[in-house]
Structures are given as structure tokens and as C-alpha cells.
S.K.: 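What follows is a structure written as C-alpha cells; I'll ask about it next.
Source: prediction; values computed, not measured. First the proteins, then the strands, lettered A, B, ... as listed; each starts at 1.
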There are 2 protein chains.
Amino acid sequence: MASPSRQRAGAARYHTASQVLAVMSRRPGITRAELARELHLTSGFATEITARMRELRLLTEAAAPVRGRGRPTTVLQPHPEGPVVLAAELRQEDWQHAVVTVDGQPHDVRRQAHRSRRPATVLAAVRQTVAQARSRYGDRLRAVSLAVAGTVHDRRLVQAATLGWGAVDLSTITVDPSLPLLVGNDATLAGVAEARTGAATTAGTALHLIVEVGIGGTLTIDGTPVTGAHGAAGEYGHLPLGDRRRHCPCGARGCWDLDVDGRALARHLGEPAPADPRTYARQILDRAADDARARQAVTAVAQALATGIAGLTNMHDPHLVTLGGLGPAIRHTAPAAFEGAYTDGLMAFHRAQPPPVVDAAHGDDGPLRGAAIIGLDHITSEPALADWALARRSPSRRAGYPPA
Amino acid sequence: MASPSRQRAGAARYHTASQVLAVMSRRPGITRAELARELHLTSGFATEITARMRELRLLTEAAAPVRGRGRPTTVLQPHPEGPVVLAAELRQEDWQHAVVTVDGQPHDVRRQAHRSRRPATVLAAVRQTVAQARSRYGDRLRAVSLAVAGTVHDRRLVQAATLGWGAVDLSTITVDPSLPLLVGNDATLAGVAEARTGAATTAGTALHLIVEVGIGGTLTIDGTPVTGAHGAAGEYGHLPLGDRRRHCPCGARGCWDLDVDGRALARHLGEPAPADPRTYARQILDRAADDARARQAVTAVAQALATGIAGLTNMHDPHLVTLGGLGPAIRHTAPAAFEGAYTDGLMAFHRAQPPPVVDAAHGDDGPLRGAAIIGLDHITSEPALADWALARRSPSRRAGYPPA
DNA sequence: CGCCTTATCCTCGTATGACGAGCATATTAG
DNA sequence: CTAATATGCTCGTCATACGAGGATAAGGCG
């Protein structure tokens with residue numbers, strides 16, 4: 001019985017293989033001996049599982065550089081014919097993509113400016129890249145993972161202020177419907193990157209927040225984002241923490257968004273609302289060193305930011321908060337105001353050991369890295385490996401031989 | 001090799017047994033044939049697993065009432081010598097407890113008024129009950145699961161407004177340190193009960209909110225609560241959605257708590273802050289049918305409640321929101337105001353299909369049921385079953401024989 | 001240079017979990 | 001009484017994983 005007819009959900013097939021690939025992604029270049037220690041594999045089982053995975057073209061082994069005594073071990077590497085993910089990120093001015101192997105390393109990284117910002121044009125470019133990857137990698141390409149600067153609802157983009165888009169269906173970018181498409185909000189995926197490979201690797205429950213135009217983020221639990229029913233969770237900026245009289249483009253009122261970005265700075269400075277709040281905010285932040293009025297505006301924003309973070313801390317009880325985008329700049333321009341408002345906003349019992357608020361480790365790469373991680377999670381899941389093995393084993397080796 | 005020396009984390013021992021017990025708890029009185037269909041077990045394997053679990057004293061089988069043709073099947077029941085959980089709930093005026101078998105059914109349910117509300121007195125009573133259960137059930141008692149009306153931080157209660165307690169260490173109530181103690185906030189556990197056996201069974205991501213003194217709740221994902229780093233998550237009432245000038249007993253300012261309970265009603269009515277906001281709120285709600293001023297106060301509170309719920313919906317993207325405690329009464333006293341504020345507070349894209357806000361199905365029993373569920377989850381987990389099997393198999397059957 | 005120490009790898013026997021086919025069994029419907 | 005139906009049981013097979021013991025490939029040292 002060569003082709004294992006699908007087993008029960010819950011049967012532990014490919015369980016360890018999936019774990020091995022997860023470790024390879026978390027610690028690229030790990031040796032087989034280290035892997036065995038990390039997963040508590042017996043040496044015999046380590047031999048078996050690596051042999052199996054070599055046969056399935058999931059990894060290769062190369063002689064490891066020796067250090068010290070003992071029999072040399074091998075380094076685990078992605079198989080040259082192994083599965084890959086296409087990770088991509090759509091941003092305001094440009095978009096970038098990379099092909100990622102099971103060790104988490106990006107290949108063929110490219111960044112391209114949008115020729116036009118019209119959805120049809122942008123999506124056509126993405127679709128073309130997917131098609132190219134498909135023809136280059138064939139069925140080695142197992143998933144496409146996309147980070148978008150906007151609100152995602154199922155596979156659709158429902159609102160993208162920075163891109164200036166309305167509702168857009170993204171499911172058209174994979175021509176082949178059998179090629180899984182994963183779509184996530186950029187802030188959510190940046191949070192995943194922080195939790196897995198960034199500033200929050202030691203935190204079980206971590207809150208990541210990014211200030212750009214408004215504020216977004218995600219709660220991660222053991223590296224998995226809390227995405228809600230349709231993937232639209234994490235819209236922290238649309239909590240009504242602010243003045244109920246202010247209308248938000250999202251349709252609600254009093255949104256926190258309006259108190260923490262360039263629009264808020266402009267309001268504090270008595271200037272008209274900026275067309276590009278992010279660039280505007282950067283300018284004000286640059287000026288704040290010398291300009292007392294700018295500094296004062298930033299201070300007010302820092303307080304609004306910290307007060308909200310404190311409230312979210314009360315609510316989520318995270319180990320750690322990571323701050324990205326303009327957040328670190330705002331905070332470090334008015335550190336005392338930030339810390340004061342943060343502490344004041346915490347419930348008393350949190351004040352003994354307030355969850356640290358730290359700067360995010362990944363800069364602009366966060367969303368792309370997060371998309372890659374989510375994509376790898378998908379293609380190294382147990383069912384995905386079962387599919388991979390099925391395609392590689394039973395149907396007459398490699399070529400399209402007729403079944404005799 | 002009779003005693004299976006501990007296997008790797010991740011090995012699938014007792015995986016199916018754990019699933020079987022979960023089904024028994026979700027659907028008490030299920031037949032073996034139905035179980036096999038639900039878990040996609042082959043009939044052969046169903047035979048095997050039930051025999052194994054019978055031998056381990058995890059279940060018994062009794063002839064099922066026949067209906068229609070076909071060979072009769074059996075009903076799965078908890079074993080008379082099987083594992084049990086002691087679930088308990090501490091409330092303002094009284095506390096209650098029950099012993100729960102693996103089918104989720106409560107036994108020996110008791111409710112007792114506090115003799116005194118002093119922590120030492122209350123905890124002594126709990127400790128005594130634990131000791132009684134221990135002596136009655138012996139090592140069949142596998143865990144104690146406690147729901148408390150207060151903020152829980154690890155195993156400690158850090159704040160319990162309704163009980164009038166400060167920080168209290170709860171870990172003393174299990175005399176035997178080998179007996180696991182699970183502690184959870186009452187609103188969190190009520191949310192678990194709603195998600196598993198209440199109004200939110202079909203929702204993957206559900207938000208549960210309870211208005212009593214202030215407002216608490218939890219987000220559940222597939223029936224598991226998001227508890228945060230220390231179990232203190234879900235303090236929704238301490239988000240700063242309200243007037244920043246109002247000080248909250250928690251130490252922060254502008255907490256939502258202050259806008260949605262009896263204290264808010266009193267403020268709207270120009271009356272002094274009530275000593276017992278919950279009883280006061282019930283009185284106002286009763287009066288609202290005839291009293292226009294009371295109705296107006298409730299309307300304001302309903303709006304504050306609905307606006308906050310809308311914000312939380314923007315943030316969490318739940319399938320469903322369940323509302324408990326005084327919430328349903330507030331809402332149904334001012335339904336139009338509630339619905340209006342809810343819709344207005346949603347981001348535009350949510351308005352096409354706003355997550356339904358429904359009344360909780362469990363009334364006052366929610367926290368105790370939730371504690372029971374979490375306790376059963378614990379004792380039917382794979383490692384817990386491995387322990388159970390170990391204790392039942394190798395050490396000389398039953399009595400304390402010396403090892404020959 | 002050869003032996004010892006160290007670290008790792010490999011082989012093999014075995015336990016356990018789970019599937020699938022075929023047959024056995026217990027009931028109702030006619 | 002027989003057919004139809006639903007379910008249970010046995011047995012052969014496969015896959016995952018553990019454990020013990022021996023094999024192997026280095027460095028260290030006399």
C-alpha cells in the first residue's frame with residue numbers, strides 16, 4: 001500500500017517531520033545532533049526521520065564543520081527540489097516579494113515600485129510574479145502568502161487607506177485555484193515576525209503595535225496571531241479611546257487612530273489635515289529636537305499612545321509589548337510623558353511589574369518576514385506534508401508515465 | 001515493559017482517548033456508534049479504544065435503548081471509578097461547588113453562604129471541601145478548578161471588588177501540592193461555558209461580556225479562552241473608553257467600567273454612588289418600565305455599552321458576541337439606543353453583517369460550568385491520561401503492596 | 001603513531017496506534 | 001422465517017517511535 005489513503009484527522013502522521021521543519025526555520029543551519037537534542041529525539045529516530053525526509057526531498061544533509069572531539073554530524077539544509085513559498089507585501093509606494101525555502105531563507109528578493117496605484121494594475125503585476133514563480137518552481141511552489149497594508153476580511157481587502165483602495169478581491173492573484181493563497185494584514189504579520197524571530201521570541205503572549213497612518217497590530221499567542229473570525233482582528237486604532245466628536249474615515253467615531261498619527265500632530269499644531277500623515281509625522285518628529293511646539297505636539301501624541309497601550313495591557317495581559325512604525329520615534333521624543341501615561345493607565349496590580357514596551361526588532365521587513373513565516377507554517381503543516389509526499393511518491397516517478 | 005517510560009512531547013499517546021473523553025463531555029450519553037462516526041473511527045478501532053479505556057477505568061458501556069433496525073450499540077458512560085474534578089465558584093454572597101465526571105455531569109452540587117466574608121474564613125471552607133473530596137474520592141480526584149469573581153494573576157487573586165478582598169493567594173486551598181489547582185476569573189469561565197455549551201457553540205471566535213460591577217469577559221477561540229500571560233486578560237472594563245477625569249478604583253482613569261454599571265446609572269440620576277452597584281442597577285432596571293428618568297439613565301448606559309462592544313468588535317472581529325449579567329436587561333430596556341450605538345461604532349465594512357449580539361445561555365451557572373470544563377480539559381489531556389494510566393497499571397494492583 | 005575519550009550515527013527488536021477487509025452478530029420489517 | 005440493516009469483532013498490515021548496543025569518526029595525549 002504505497003499511497004497512504006488519508007488518515008483520521010488527529011493521527012500523528014508527519015508530526016515529527018513538521019516539527020523538524022519548524023526547527024530548521026527557527027534555527028537555520030542547525031545540525032542533526034542539535035536537532036535531536038532540541039526535539040528530544042533518540043539518535044536512532046533522528047537517523048530515521050532525516051532519511052525519510054531526505055527521500056521526500058524535504059531536506060539534505062551536508063558535512064558540518066567539526067569543532068572539538070566526537071564523530072562529526074551534519075547540517076540540515078533545504079532540499080534543492082524541496083517545497084517553497086512565495087511571500088509578498090503590498091505597500092503604499094511599492095511592493096516586494098521573495099521565494100522562501102523551508103529554512104526560512106529568502107531567495108529572489110525583489111522590490112518594485114507600483115507603475116500605477118490602481119488595484120487592477122498592481123494585482124496584475126502580482127499575478128504575473130506568481131505565474132513566473134509557478135513556471136520556474138513548478139509544483140515546488142506550495143503556497144502564496146501576501147501581506148497587505150489594509151484591513152483584510154477573509155480573502156478580500158475591505159479598506160486600505162494608505163493605498164487609497166476600497167474593497168478589492170485578492171483571490172484572483174493565484175491563477176491555479178489549487179495553489180493556496182494566504183492573505184494577512186501587514187501589522188498582523190509584522191507581529192508574527194516579532195514573536196517568532198524578533199523582539200518577542202521569549203514572550204508567550206505578546207502585543208505588537210505599529211503606528212503609521214493610524215495604529216494597527218496584533219496579539220500573538222506562542223507565535224500565532226489572534227486573527228478573529230475573518231482575519232480582520234487587530235484594528236486597535238478603531239477602539240473609541242478618543243474624542244467621540246471626531247469622525248473617522250472608517251465610519252465610526254472617536255477612534256484611537258485619530259489621536260496617534262500625523263493627523264493628531266497636525267491638529268495639535270493647528271495645521272490642516274495632511275494628505276500623507278506618515279510623511280508629515282516624520283517631518284514633525286525630525287523637527288521636535290529643536291522646535292518646542294513640535295515637541296509639545298509629539299508629547300500629546302505620546303501620551304495618547306501610552307494611555308491606549310496601558311488599556312490594551314489591562315485587557316490582554318501580555319508578557320511584552322513591541323512597538324513599530326513611528327511608535328519608537330514618538331516614544332523616544334517624549335519618553336517621560338510616555339512612561340508616565342503608561343504607568344498611570346495600568347491597573348494598580350500591573351504596576352509592580354509592568355509589561356515591558358520595547359522597540360520592534362524588524363523594521364520595514366516585518367510584514368514580509370511574517371508572511372513568509374505564515375506561509376512556511378502552512379506548507380510544513382502535517383496535512384500539507386501528506387499532500388507533498390503523496391505527489392512525490394505514488395504517481396509514477398517524476399515523469400508522466402502511463403500506469404503500464 | 002509495562003510502564004511506558006515517558007515519551008517525547010508530541011508523541012500521540014492517548015490522543016484518541018483524549019478526544020473520546022472530549023466528545024463524551026460535549027455530548028453526554030453518546031453511543032459508541034455515534035462516537036465512531038463523529039471521530040471518523042473505523043469500527044475496529046472503536047472496539048479497541050473503548051476496550052482500552054474500559055480497562056483504564058475511564059468509561060463503561062451500557063446497552064443503549066434500541067431504535068430501528070440494526071445491531072444494538074452501547075452508551076458510553078463515565079466509569080464509577082474514573083477520574084473526577086472538583087469545580088468551585090467564589091461569589092459575593094456565597095460559593096458553590098460540584099464534583100464533575102468525564103461526561104461533564106455535576107454531582108454533589110452544593111451552595112453555601114459565606115459564614116464571614118473574610119478571606120481566611122472563606123478559603124478555610126474551600127480547603128475543607130477539597131479535603132473532603134480527597135478523602136471521599138481518593139486519587140480519583142485529579143484537579144480542582146476554581147472560578148473567582150475577581151482579577152486573577154497566576155494563582156493569586158489581586159483584586160476582588162465584589163468580595164471586598166485585596167491580594168489573596170489561592171494556592172493554599174489544595175493541601176496536596178500534587179493536586180493541580182486551576183484558577184480563573186468568573187467572566188472568563190462563563191465565556192468558556194458559552195463557547196462550549198451555550199450560545200456561542202457555533203462561533204470559532206466569540207466575545208463574551210458580563211456586566212455586574214463593571215464589565216468583564218473573555219475572547220474564546222474554538223472554546224479556549226485567551227487568558228494572557230498570567231490569566232489576567234479580559235479586563236475589558238479597564239479600557240479607557242470613558243471620561244478621562246473619572247478615577248477608577250483599579251488605579252487607572254476613564255475606565256469603561258464606570259460607564260456601564262450601577263455607578264453610571266447613579267451618576268446619570270444625580271444620586272450618590274451606591275454601595276452595592278449591582279443591586280442598585282437591578283432596582284433601576286426594574287423601575288425603568290414606568291419611570292422615564294430611570295429609562296433615560298439606562299439608555300445612556302446602553303449606549304456606552306454598545307459603543308464599547310462595537311469597538312471591541314472592530315478589534316477582535318468575533319463571529320458572535322454573548323452578553324451576560326445585567327447586559328441583557330440593559331439592552332432590552334433600551335433596544336433602539338443599543339442597536340444604534342452598536343452600528344454607529346462599527347467600522348463601515350462590518351455593518352453589512354454585524355456580528356450578532358445575543359444573550360448568554362447560561363445564567364448564574366456559567367462560571368461554575370466553565371470551571372468544570374477547564375478542569376475536564378485538564379484531566380483528559382494526553383499527559384494527564386498518561387499519568388492516570390501509569391498510576392492504575394504498574395504499581396501493584398490497587399492496594400499498597402510492597403514491591404515483593 | 002597508536003590508543004583512549006568523546007560525540008555521534010546506525011541497526012535491530014519491540015511497543016503502540018491506527019487502518020481496512022471480511023466476517024459475525026443482533027435487532028427490526030415484512 | 002427471512003431479508004435488510006446496523007453494528008461489533010478479529011486479524012493482518014503499516015507507520016511512528018523508543019531503547020539498547022554496537023559501529024564510526026573525529027580530537028587528545030603519551
Side-chain angles (χ1 to χ4, degrees), chain A residues 1-20 30-56 61-76 382 385-386 389-390 393-394, chain B residues 1-20 30-56 61-76 382 385-386 389-390 393-394:
Chain A
M1 206 147 287
S3 68
S5 50
R6 188 166 314 282
Q7 295 196 321
R8 274 184 53 226
R13 290 203 56 174
Y14 300 104
H15 181 86
T16 306
S18 179
Q19 284 188 317
V20 168
I30 191 173
T31 65
R32 176 155 134 187
E34 277 177 295
L35 172 90
R37 273 192 295 274
E38 179 134 344
L39 292 181
H40 301 106
L41 308 177
T42 60
S43 73
F45 186 40
T47 302
E48 262 183 57
I49 193 89
T50 51
R52 243 185 268 166
M53 292 177 73
R54 230 179 299 126
E55 190 125 346
L56 283 173
E61 292 178 85
V66 280
R67 42 185 167 211
R69 292 185 184 181
R71 179 169 174 174
T73 182
T74 59
V75 170
L76 302 183
E382 293 172 40
L385 291 181
L390 210 59
R393 247 188 268 176
S394 44
Chain B
M1 205 146 289
S3 68
S5 52
R6 191 164 313 283
Q7 293 196 322
R8 273 184 55 227
R13 291 202 57 175
Y14 300 103
H15 182 85
T16 306
S18 179
Q19 285 188 315
V20 168
I30 192 174
T31 65
R32 177 157 135 187
E34 278 177 295
L35 173 90
R37 275 192 295 275
E38 181 133 343
L39 292 180
H40 302 107
L41 308 176
T42 58
S43 75
F45 187 41
T47 301
E48 262 183 57
I49 193 90
T50 51
R52 243 185 269 165
M53 293 176 72
R54 230 179 299 126
E55 190 126 347
L56 283 173
E61 292 178 86
V66 281
R67 41 185 169 210
R69 292 185 184 180
R71 177 171 175 173
T73 182
T74 59
V75 171
L76 302 182
E382 293 172 42
L385 291 180
L390 209 60
R393 249 190 264 175
S394 45

S.K.: With a 4.0 Å cut-off on heavy atoms, is A:Thr73 in touch with a base, just the backbone sugar-phosphate, or nothing at all?
M.R.: sugar-phosphate

S.K.: Just how far, in rounded Å, is C1' of C:dT14 from CZ of A:Phe45?
M.R.: 15 Å

S.K.: Let me confirm one number: the CG-CD1 distance from B:Leu39 to B:Ile30, rounded to the nearest 0.5 Å.
M.R.: 7.5 Å

S.K.: Between A:Gly68 and B:Glu34, just flag the one whose closest nucleotide in DNA chain D comes earlier from the 5' side.
M.R.: B:Glu34

S.K.: Measure from CD on A:Glu382 to C1' on D:dA15 and round the result to the nearest Å.
M.R.: 13 Å

S.K.: Check every atom of C:dC9, D:dG8, D:dG19 against the side chain of A:Thr42 and return the nucleotide holding the closest atom.
M.R.: D:dG19

S.K.: Of the nucleotides C:dA26, C:dA29, C:dA7, which has the atom closest to the A:Arg71 side chain?
M.R.: C:dA7

S.K.: Could you tell me how far apart A:Glu61 (CD) and C:dT8 (C1') are, to the nearest whole angstrom?
M.R.: 12 Å

S.K.: Can you tell me how far NE2 of B:His15 sits from CD of B:Glu382, rounded to the nearest 0.5 angstrom?
M.R.: 6.0 Å

S.K.: Minimum heavy-atom separation for A:Val75 to A:Ala64, with atom names?
M.R.: CG2-CB, 3.5 Å

S.K.: How close do B:Tyr14 and B:Ala386 get, heavy atom to heavy atom, and via which atoms?
M.R.: CE1-CA, 3.7 Å

S.K.: Looking at the side chain of A:Thr16, which of D:dG19, D:dA17, C:dA18 is the nearest nucleotide?
M.R.: D:dA17

S.K.: Could you tell me how far apart B:Arg69 (CZ) and D:dT7 (C1') are, to the nearest whole angstrom?
M.R.: 15 Å

S.K.: Which heavy atom of B:Thr74 sits nearest a heavy atom of B:Glu61, and at what distance?
M.R.: OG1-OE1, 2.7 Å

S.K.: Specify the residue among B:Ser43 and B:Glu48 whose closest nucleotide of DNA chain C lies further upstream toward the 5′ end.
M.R.: B:Glu48

S.K.: Report the residue (B:Gly44 or B:Arg52) whose heavy-atom-nearest nucleotide on DNA chain C is the more 5′ of the two.
M.R.: B:Arg52

S.K.: Please pick, from C:dA18, C:dA26, C:dT11, the nucleotide with the shortest atom-to-atom distance to any side-chain atom of B:His15.
M.R.: C:dA18

S.K.: How many Å lie between CE on A:Met53 and P on D:dT16, as a whole number?
M.R.: 12 Å

S.K.: Roughly, in whole Å, what's the span from CZ in B:Arg13 to C1' in D:dA15?
M.R.: 16 Å

S.K.: May I ask you to evaluate whether B:Arg37 reaches the phosphate of D:dT7, defined as a side-chain N or O under 4.0 Å from OP1 or OP2?
M.R.: yes

S.K.: Any idea which of D:dA17, C:dA7, C:dA26 is nearest the B:Pro72 side chain?
M.R.: C:dA26

S.K.: Taking CD from B:Gln19 and P from C:dG17, how many angstroms apart are they, rounded to a whole number?
M.R.: 14 Å

S.K.: Over how many whole Å does the gap from B:His40 atom NE2 to C:dA18 atom C1' extend?
M.R.: 15 Å

